[in-house]
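Below is one structure. I have some questions about it.
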Number of protein chains: 2
Amino acid sequence: MSQPGAALHLHLAAFAALSSADRKLLDAAVARKVRTIGPRKDIISEGERPRVVNVLLSGWAMRYKQLSDGRRQILSFFIPGDLCDANVFILGQMDHSIGTLTEVTYAEISATDFEHMMECSTRITKALWWSELVTLAVQREWTTNIGQRSAYERLANMFCELLARLHLVGLADGNSFDFPLTQNDLADATGMTAVHVNRTLQQLRRDGLIDLNNRHVTVTDPEGLKAAAQFNPNYLHLDGGVSN
Amino acid sequence: MSQPGAALHLHLAAFAALSSADRKLLDAAVARKVRTIGPRKDIISEGERPRVVNVLLSGWAMRYKQLSDGRRQILSFFIPGDLCDANVFILGQMDHSIGTLTEVTYAEISATDFEHMMECSTRITKALWWSELVTLAVQREWTTNIGQRSAYERLANMFCELLARLHLVGLADGNSFDFPLTQNDLADATGMTAVHVNRTLQQLRRDGLIDLNNRHVTVTDPEGLKAAAQFNPNYLHLDGGVSN
DNA sequence: CTGCGTCACTCACCTATGTTAAGAAATTGA
DNA sequence: TCAATTTCTTAACATAGGTGAGTGACGCAG
């Protein structure tokens, strides 16, 4: 990514074309405090008090919950441009953790900077609401995915979603993208076991839908994959919203 | 409920004490357009364009997604006081449906009224953000519930959550509450089959944790139920938030 | 008051997915 | 560059939960 804020621009641009003033505002907010952190570390843990809004600039991260007996549910993946919950600092404590999967750079936006940004631009305010609503919609889709779909459909869905989202921020090359997750991560994200993820992945490969190796995915049959997943991208709300 | 807006006041009061001016603002917004609709009807369907924010005043409703082959995932329950997504009208179309379970009365708040309300009161704006963030947190908990927990734990969780939420708006009497869901609804909400819900419910009864009949639930052993569910209410963020 | 639909409940049987274990391959780190 | 560790893969076996097909009890619409 040539410029730190680029992924964020692209992310929000899915909702509305931003003015150059908007872009400057975002860049300023995102330049104030940039951090780098290694793979498999927590950015913030359950129980802590959120004080800032984080924006992922590069790398992959995840939101997850850990149960007392060690079971882990991965709740969402963060890719560059993603915001971790506008206005979280309203809440007293985190009900889940945010951890990195790869090395990550992210920007912290303070509560006051965040509020300032919203005061300065109605368009940004709306774009942030949009982003929040999409986060919610994605969480619902995951609930549906885990609740109703078979292992095969679930994984197919996951790849469809990631391809669409990575495309948006310029991180997919055609139907390929870098994919730093282990099968274990995939298991915890889809509510299945690593063994069964492995079996199911083999099946997806045998069916010629995807190619996954060396931490890289190529969707070899995009239409087939979408069909297998019954993938309907409406929940990503990439149609530009209503108020444009 | 003596007064239409009462449940909404109680709902938001979990975050911040509202001033009487705030309460008046809310009451006015909620009085503008009140509708009544019978049980098992859609308030808005997937694909439609959301134009208003709905606030549930009485009865139970649900958010759900239907797959093309008929599978249905219930994504959340609405009880009185609940808002259906602040600012949804930003989105071009619904990615899920909202339907009633019982007869329901609800208020429609127009986009302009909604925005007006947020301009007039910072406290209300924050309370609405809080409500939105809690909705998200609940959705995450459901994802975790379905992804990681056994049938028994899942149902236990569901009852714990509902008891807590109904309490908040004055709709639980000690450890009892009216419960209009069928076992089929419960199945679609927890990602299991009705047969297995039935089996598991029997087990919860045999273990003396709950009593469910005649559309009425009594939690006979609250501590036992919480333990069985590994219930941690932190995700409901009933601690009053940070900015009070 | 009756006939039809819905709902709770059961049973017998089945299968998708989990469990445990172990070796091969890849990656990391000293 | 080799040892240690993590990840991928396979296999044999176990089980939670799904399927399909009922029965009886209500409740309500005609």
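Just so we're clear, the structure is a prediction, and the values are computed from it rather than from any experiment. Below, chains carry the letters A, B, ... as their sequence lines are ordered, and counting in each starts from 1.
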Rounding to a whole Å, what distance do you find between B/Asp185:CG and C/dC7:P?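 Interatomic distance, CG of B/Asp185 to P of C/dC7: 8 Å.
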Do the side-chain N or O atoms of B/Gln202 get closer than 4.0 angstrom to the phosphate oxygens (OP1, OP2) of C/dT10?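 Answer yes for this pair, as a side-chain N or O of B/Gln202 is under 4.0 Å from OP1 or OP2.
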Using whole Å, what does the distance between atom C1' of nucleotide D/dT10 and atom CZ of A/Arg199 come to?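 It is 10 Å, rounded to the nearest whole Å.
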Taking the side chain of A/His196 as heavy atoms from C-beta outward, which of D/dT19, D/dG17, C/dG18 is closest to it?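 The answer is C/dG18.
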Just to be sure I understand the rule, does B/Arg215 reach a base, reach only the sugar-phosphate, or reach nothing, if contact means heavy atoms closer than 4.0 Å?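 Sugar-phosphate, no base atom in range.
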Donor on one side chain, acceptor on other, B/Ser76 and B/Arg63, under 3.5 Å: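 Yes, B/Arg63 and B/Ser76 have a side-chain donor paired with an acceptor closer than 3.5 Å.
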Distance-only side-chain donor-acceptor flag, B/Trp142 / A/Gln139, under 3.5 Å: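 Note: B/Trp142 and A/Gln139 side chains miss the donor-acceptor criterion.
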Tell me the interatomic distance from A/Asn198, atom CG, to C/dA21, atom P, rounded to whole angstroms.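 That distance rounds to 19 Å.
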Check every atom of D/dA21, D/dA11, D/dG17 against the side chain of B/Val195 and return the nucleotide holding the closest atom.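 Comparing D/dA21, D/dA11, D/dG17 against the side chain of B/Val195, the answer is D/dA21.
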Geometric class of the B/Phe159/B/Phe177 ring pair [parallel <30°, tilted 30-60°, perpendicular >60°]: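 B/Phe177 vs B/Phe159 ring planes: tilted.
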Which part of the nucleic acid, if any, lies within reach of A/Ser150 when heavy atoms closer than 4.0 Å are counted: base, sugar-phosphate only, or nothing?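 A/Ser150: backbone/sugar contact only, no base atoms under 4.0 Å.
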Scan B/Asn213 against the nucleic acid and name what it touches under 4.0 Å (heavy atoms): base, sugar-phosphate only, or nothing.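 Counting heavy atoms under 4.0 Å across all strands, no contact is made by B/Asn213.
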Return no unless some side-chain N or O of B/Arg149 is found under 4.0 Å from OP1 or OP2 of D/dG17.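 Looking at the OP1 and OP2 atoms of D/dG17, neither is under 4.0 Å from any side-chain N or O of B/Arg149.
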Under a plain distance cut-off of 3.5 Å, with no hydrogens placed, do B/Ser45 and B/Ser97 share a side-chain donor-acceptor pair?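 Note: B/Ser97 and B/Ser45 side chains miss the donor-acceptor criterion.
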For the pair made of CG in B/Leu212 and C1' in C/dC9, what is the distance, rounded to whole Å?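 Going from B/Leu212 (CG) to C/dC9 (C1'), I get 13 Å.
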Closest nucleotide among C/dT17, D/dG17, C/dA8 to the B/Thr182 side chain: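 From the listed options, C/dA8 comes nearest.
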